[in-house]
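Any value given below was found using the heavy atoms of this structure, including those in side chains, with hydrogens, waters and symmetry copies removed. Treat the numbers as computed from the prediction; the structure is a model and nothing was measured. Count residues from 1 along the sequence.
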Amino acid sequence: MTKQELTALNMAGFIKSQTLILLDKLNQLNLDDCADECEDLHDMAEELYFNLKRTLDK
């Protein structure tokens with residue numbers, strides 16, 4: 001894996017982890033509509049991370 005590929009994978013992982021942290025904060029604030037949107041965002045970030053990892057590992 002090249003340095004650029006590893007950087008992209010790390011960035012995708014960071015986004016995935018940050019959306020999970022944001023989701024927790026939104027739930028603590030009882031902002032249900034925003035939490036629902038953030039959960040969708042986290043699911044997309046997680047899918048992106050795993051798709052990117054699978055693609056780069058080939």
Can you measure from CG (Asp32) to CG (Leu26) and round to the nearest 0.5 angstrom?
9.5 Å
For the atom pair CG (Leu22) and CD (Glu37), what is the distance rounded to the nearest 0.5 Å?
10.5 Å
Just verifying a value: how many Å separate Phe50 CZ and Thr55 OG1, rounded to the nearest 0.5 Å?
13.0 Å
Work out which heavy atom in Lys16 is nearest to a heavy atom in His42; give both atom names and the distance.
O-ND1, 3.1 Å
Under the side chain to side chain donor-acceptor pair (under 3.5 Å) rule, collect the residues that match up with Asp36, sequence neighbours excluded.
none
Side chain proximity check, Leu52 to Glu5, heavy atoms < 4.5 angstrom
no
To the nearest 0.5 Å, what is the distance between CG on Leu41 and CG on Leu20?
11.0 Å
Got a sec, which pairs hit side chain to side chain donor-acceptor pair (under 3.5 Å) with one end in residues 20-29, sequence neighbours left out?
Asp24-Gln28
What's the spacing between Asn10 CG and Lys3 NZ if we round to 0.5 Å?
11.5 Å
Would you call Asp57 and Met1 a side-chain contact if the rule is heavy atoms closer than 4.5 Å?
yes
CG on Asp43 to SG on Cys38, rounded to 0.5 Å:
9.5 Å
Between Tyr49 and Met44, is there shared hydrophobic-cluster membership here, with clusters defined by ILVMFWY side-chain heavy atoms closer than 4.5 Å?
no
Side-chain contact, heavy-atom cut-off 4.5 Å: Met11 with Thr7?
yes
How close do Ile15 and Ala45 get, counting heavy atoms only, and between which atoms?
CG2-CB, 4.0 Å
